[in-house]
Amino acid sequence: MSNDQQQNQDLGQDHDQDQDQDDSRSFDPRTFEPKWREYWHEQGLDRTPENPSNKFYMLEMFAYPSGDIHMGHFRNYTIGDVVARYQKMLGKDVLHPFGWDAFGLPAENAAIKHGIQPGEWTLSNIEKSRSSLQQMGISYDWDRELVTCREDYYKHTQWMFLLLYERGLAYRRNAEVNWCPIDQTVLANEHVVGGCCWRHPDTPVEKRTLEQWFFRITDYADRLLDNLDQLDQWPEGTVKQQRSWIGRSEGAEIDYRLEGLAESDTLTVFTTRPDTLWGATFLVLAPEHPLTARLTTDSQREEVEAYVAQARSKTEIERMDATRDKDGVFSGSYAKHPVTGEAVPIWVADYVLAGYGTGSIMGVPAHDQRDFEFARKYDLEVRVVVQPEGARLDGATLDEAAPGTGKLVASPPFDGTEVPQGIPDVIRYLEEQGVGRGKIQYRLRDWLISRQRYWGCPIPMIHCDQCGVVPVPLDQLPVELPKNVENFVPSGRSPLEDVKEFFEVECPQCGGAAHRDADTMDTFVDSSWYHLRFLDPHNTEEPFDRAEAAKWLPVDYYIGGDEHATGHLLYFRFFTQVLHDAGWLDIEEPVVRLFHHGMVMDDKGEVMSKSKGNVVAPAELFARDGVDIPRLAMLFFAPSADEILWNEKGIDGVRRFVQRLWSLFEETVADARYAAAGEVRPDALSAEAKEGRRLLHWAVERTETSLEGDLNFNTAIAAFMEMMNALRKVGAPATWSDDDFPVLAEAVKMTSRAMAPLAPHLSEEIWHRAGGAESVFIAGWPTVDPEALKRDEVEIPVQFNGKLRVRLHLSPKATREEMEIAALADVRVQEILDGQEPKRVIVVPGRLVNLVV
RNA sequence: GCGAAAGUGGCGGAAUUGGUAGACGCGCUAGACUUAGGAUCUAGUCCCGCAAGGGGUGGGGGUUCGAGUCCCCCCUUUCGCACCA
C-alpha cells in the first residue's frame, strides 16, 4: 500500500463520511480472487459430470502455444467461459475442455532461432500459457487437457489417417503443389492467400511437382455443401464463404475428337453453358495441360514452348490478375467440333486454369466475356448462338459478350429454345450422341496434407520396393516422431529422411528393406478431430469411446475467430462426416452453434504485434487489477463479434463501476437490517426504490437475453451500471427507509448471481459476504419478476406532425382513448393547437401520441 | 470486377426492430473535499442560439401520421472471393 493511501486512511478515522471512500480505496480484487479459484477447484465445479442428463458441450478453439496467452485468447476464452458458467448455473451438465494445437512450424522456427528442441519450446509455452489460463479462472476441466504433439494424442491422429486410407479417402499423387519458399514446405489450397503463403503475406508461393498425400475431401463436397442448410445457428457469412469455397457448378463435359492424332484421342472440356456449344469457335488449353505438348505442331513448337515457359515463370499473383490482357498462342492443331463437325483451332492460354475442371475450355466468344476478349485479340470468329429478348446481335459488330438468357439460334436442333431449358436439352442430346455428359464440378480441391517438416505428426505409411505403399499396422502405432533430431532446418525435403532409426524399417508385409514416409501431416489434421478426443482423452486403445461420443455430441457452442471459415471449419466437418460414415459417430455435423468473436486491436485500431511494440500483455493487467476488472472491460468495450480497440482509460471506468458496486453492497450487508431483511413489498416502496428495483430486474433480463442470443455483454453491463447509479442516487444504504431496504438486499443477492458469469470471482466474493453458503454457481441463475419490470408511469411524447413538442407522464396501461384525452387536455398541447382541431390523432398505446394538424 | 456487412457526438458504443436519437462508459467543463491529487464526490456535456426555437444518424431522393431503422441512386470503409469456364 502506498503512503498516500495510508495517509488517507488515517485522515478518514475521524470522519464517518469518509468511511466508504476508504473502503473503495482499499478494495482490491487481488486479495480474494485466488481464494475462489482454489475453492472452485476443491469443490470440483469445473469437473465434467460422468453421466450427463442435460449436457452442454462448450468449446472454444484451442490454442497454438506460441509464448504466453495474448489479448485475443483472453477475449475468446472469456466469452466462452461466460457461456459455460451461465449454462452451469442453469443446471446443465457442462463439458468445457481445453487443449493445445502443439505441432507446427513456429515451434521449429523458434527452436532454430534459440537453439532448442521444438518439443521443449512448445512444452514450456504450454506450461506458461496454462498457468495464465488458470490464473484467468477460466472454468476448464483440466483433467481433459490434450496436447496434439504428445504420443497419446498423435497415435490416434495416425489412426485417423489409416481410417481415411482404408476408406479410399487418403491417396498419393504426383501433383503440382503450392510451395512456400520460406517454410520450405508445401501448402494446402486453403493456405494460399492472395497468391501468398498464409503465414507470409508478402511471399508468393511457388509451384512444384511432388508426390504427396491428399485427403479426398472432394468426395464429401456435396454433403459439406448440402448440410450447410442445417447449420442455421452458424454465422451467415461463414456459411456463405464455405458455400463459395466448395463452389459447386453444374454443367457438362464435352468431348472433342482430335484431328491428326489417334482416333481414340479426345479432348474433354467442362462448361456450364453447353447450350452455347454451337458458338464454340476455338478451344483453349491451360499451359500445363497434359496434351499441350502433343498437340503442338512443329511449326508452332518454338512459340508454344516459349509461352508455356513464360507462364510457368509467372507468380501465382501475376497469373491470378484477372484484369490483365488475355494472351495465348495457337498450337497448330485442330479438333473436330462434336456436333457441327467443323475443324476448331486449339489454342494455349494461361487464362485457363490447369487445376479446375479439365484444364481446357471451349471458347464461346459471343457469350463469355473472357473468350470474347481473347477472340478479338487474335481475330477468332465470334458466332452468336443466343439472341436476347428483342435484340439482333451480330458477332462481327459485338463489343462485349452477351452472357445472358435468350433464344438459341444457329444451333440447328435447338433453334428457338429458351436458354434455361436449352441447358438440360443439350446435355441430353450430347449424352445420346455419346459426345458429352452432365457434370457437376467443384472449386474445392482435395486436401494436400504432406509437409516436408520435422515438427508434425508422422504419416504412418511405409514404402517398400516390393509391396509398394504399405500402411503401418494398427498395433504398431504410434509411429513415434524421433526426439532430439539435431538438424531440422528445412531444406525442401523432410529432415526425417536423414534419421536412420526412423526412416529405415522393415516392410510389414514382406519383411524386406523399406522406408517410412518421411513427411509429417498438416497440423489441421490434428485439429480436425480434437473435439472428439476431449470426450475420452485418456483412452489408450481408441481415439474415443463411441458411447462417450453419443453422450456429448454435438458441440453445443463453438467460439473462435472467423479466419478459420474455409480451413479448419471445413476440415473438421469433413472428419466428422467420415467418422459418421465409418460408424463412429451418430452425427454428421460437429457443431450446433458457432460464434466468431472480434479481434483485439490497440487503441489506434492497429493489430498488436511485437514489432510494433503495442502489445498489451494480459498478465500485466491481472497484476494490477486482478482478473475480473479486465474481463469486464473486455466484455464491455464492444459487442462480442466486433473489433475491440483496447484502451486503458476504458478500464478506469470499469474499475470505478466495480468499486462503487462493491462499496454499495458492502455497506448494505454491513447494515444491521440486512440479515433480517424480508421480501420486497412492492406496494410499500418509494418511487425511487421501485425504479432501482425495476432496473435490477431489467439488468438481469438483459444479461439473460445476451447470453441466449448475440453475446453482446456490453449492454448487459451497462444495464448493471444503470441499476447501480439508480440505487446510489437514493442515498447510502444506511439512509434507506425500512420499507425500501429489502430492495438493496435483493440487489446484492440477485446481482451477485446474475453477474457471476461475467465477473466470477467478484460475484462469488459478494455472494459469500452476503450470506451465501455454497458457491454462487450452485445457487443458480436468478429469476426475473415480470411484475418488477413494470413501470407505474411512462413518459409519453406528444408529437405534432411527427415532431416532438410535449411530454406527458401517463400510466403504461392507459388505453388509446385515455391517452388521446390526456394529450388533448394538456395546456401546452392546447396552446400549440391554438383552437384548431387536429385532422388526425395517432395513438400507440404505451408509446406516443401524434397529432396531425 | 463480383459478393457480403457497415457508416450515429471529440472517442468506444446504445436505440425495446417503424414510435422521445445519443443509454452506458471514456474524455471534457465547472464546482466540492483536499497540503496535494492523474484519487473521490456533485452537476453539466449532439450542434447553433441568451432564449423562444431551429438543425441533426455519410450524401441525394422516396414511402409513411412518423424513418438511424423500409425502398431507389450515389459516396466511403471493412471483410470475403478474385480469369473456376
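Quick note on labels: first sequence line is chain A, next is B, and so on, each numbered from 1. Values in this document were obtained by computation on a predicted structure and should not be read as measured data.
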- Query: Between atom CZ in F657(A) and atom C1' in U40(B), what is the gap in whole Å?
  - Reply: 18 Å
Under 4.0 angstrom, heavy atoms only, what part of the nucleic acid is [X] near: base, sugar-phosphate, or nothing?
{"X": "V844(A)", "value": "base"}
{"X": "N714(A)", "value": "sugar-phosphate"}
{"X": "N725(A)", "value": "sugar-phosphate"}
{"X": "S249(A)", "value": "sugar-phosphate"}
{"X": "R807(A)", "value": "base"}

- Hey, does the side-chain of K326(A) have a donor or acceptor N/O within less than 3.5 Å of a partner on the base of C83(B)? yes
- Step by step, would you call R624(A) with E648(A) a salt bridge (Lys or Arg N to Asp or Glu O under 4.0 Å)? CA-CA 12 Å; R624(A) 188 186 59 207; E648(A) 291 295 312; 3.0 Å; yes
- Message: For G9(B), does the O4'-C1'-N9-C4 or O4'-C1'-N1-C2 angle fall within 90° of 0, making it syn, or is it anti?
- Response: syn
- With syn meaning chi within 90° of zero and anything else anti, the base of U17(B) is syn
- Looking at Y351(A) versus F374(A), is the centre-to-centre ring distance below 6.0 Å? yes
- Note on the structure: Comparing nearest nucleotides in RNA chain B, the 5'-proximal residue of the pair T271(A), A719(A) is A719(A)
- Message: Between H596(A) (side chain only) and P235(A) (backbone N and O only), is there a donor and an acceptor less than 3.5 Å apart?
- Response: no
- Query: Would you say a side-chain N or O of R840(A) is under 4.0 Å from OP1 or OP2 of C65(B)?
  - Reply: yes
- Stepwise side chain to side chain contact (heavy atoms under 4.5 Å, CB included) check, T268(A) with Y256(A): CA-CA 6 Å; T268(A) 302; Y256(A) 280 72; over 6 Å; no
- Taking the side chain of K649(A) as its heavy atoms from C-beta onward, which of C26(B), U20(B), A85(B) lies nearest to it? C26(B)
